[in-house]
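Structure record follows, encoded as structure tokens.
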Amino acid sequence: KGEAPGTISINPETQEFVAAGEAKDITVTASSEYKITSKPAWITGVIAGNTATLTAAANSGAARNGVVVFALTGDANVNATLVVTQLSGA
């Protein structure tokens with residue numbers, strides 16, 4: 001018989017960063033191991049257990065936004081999308 005489908009969810013689902021750059025913790029609830037499959041170039045992500053720490057680089061230009069996608073390591077179709085924005089540093 002087939003395995004039950006995996007699940008993943010994140011909290012919060014949107015995150016704003018100050019222009020100077022900062023780190024924010026996202027709580028990820030996943031049925032198995034997960035990874036970050038897509039993110040903007042200005043975001044770095046470190047996963048530790050059910051916490052993903054996202055760090056935004058300093059922004060010297062216009063406000064910017066993007067998405068960070070978390071997905072199960074074993075099934076990329078099971079994913080959650082975090083909308084990230086960063087204030088203008090101009």
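Both backbone and side-chain heavy atoms feed into the values below; hydrogens, waters and symmetry mates do not. Keep in mind that this is a model prediction, so the values were computed, not measured.
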Measuring from [X]:[atom1] to [Y]:[atom2], what's the distance to the nearest 0.5 Å?
X	Y	atom1	atom2	result
Thr44	Ile36	OG1	CD1	8.5 Å
Lys24	Ile43	NZ	CD1	11.5 Å
Thr55	Trp42	OG1	CH2	11.5 Å
Asn11	Asn50	CG	CG	11.0 Å
Tyr34	Thr7	OH	OG1	12.5 Å

State which residues pass side chain to side chain contact (heavy atoms under 4.5 Å, CB included) with Thr51; sequence neighbours excluded, sorted by chain then number.
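Applying side chain to side chain contact (heavy atoms under 4.5 Å, CB included) to Thr51 gives Asp25, Thr53.
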
Atom pairs and distances, side-chain donor-acceptor, residues 58-74, under 3.5 Å, sequence neighbours left out:
unit_1	atom_1	unit_2	atom_2	d
Asn59	OD1	Gly61	N	3.0
Asn59	ND2	Ala62	O	2.9
Asn59	ND2	Leu87	O	3.1
Arg64	NE	Gln86	OE1	2.8
Arg64	NH2	Ala57	O	3.2
Arg64	NH2	Ala58	O	3.3
Arg64	NH2	Gln86	OE1	2.9
Thr73	OG1	Glu33	O	3.3

Minimum-distance pair of heavy atoms, taken over all atoms of Ile8 and Ala30:
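Result for this residue pair: CG1-CB, 3.9 Å.
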
Considering all heavy atoms of both residues, which atom of Ala19 and which atom of Ser88 are nearest to each other, and what is their separation?
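So the minimum-distance heavy-atom pair works out to CB-O, 3.5 Å.
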
When you compare the side chain of Leu54 with that of Gln15, does any pair of heavy atoms fall below 4.5 Å?
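No, side chains not in contact.
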
Determine whether Val84 and Pro40 make a side-chain contact, defined as any pair of heavy atoms from C-beta on separated by less than 4.5 Å.
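When only atoms from C-beta onward are counted, Pro40 and Val84 do touch, with a gap below 4.5 Å.
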
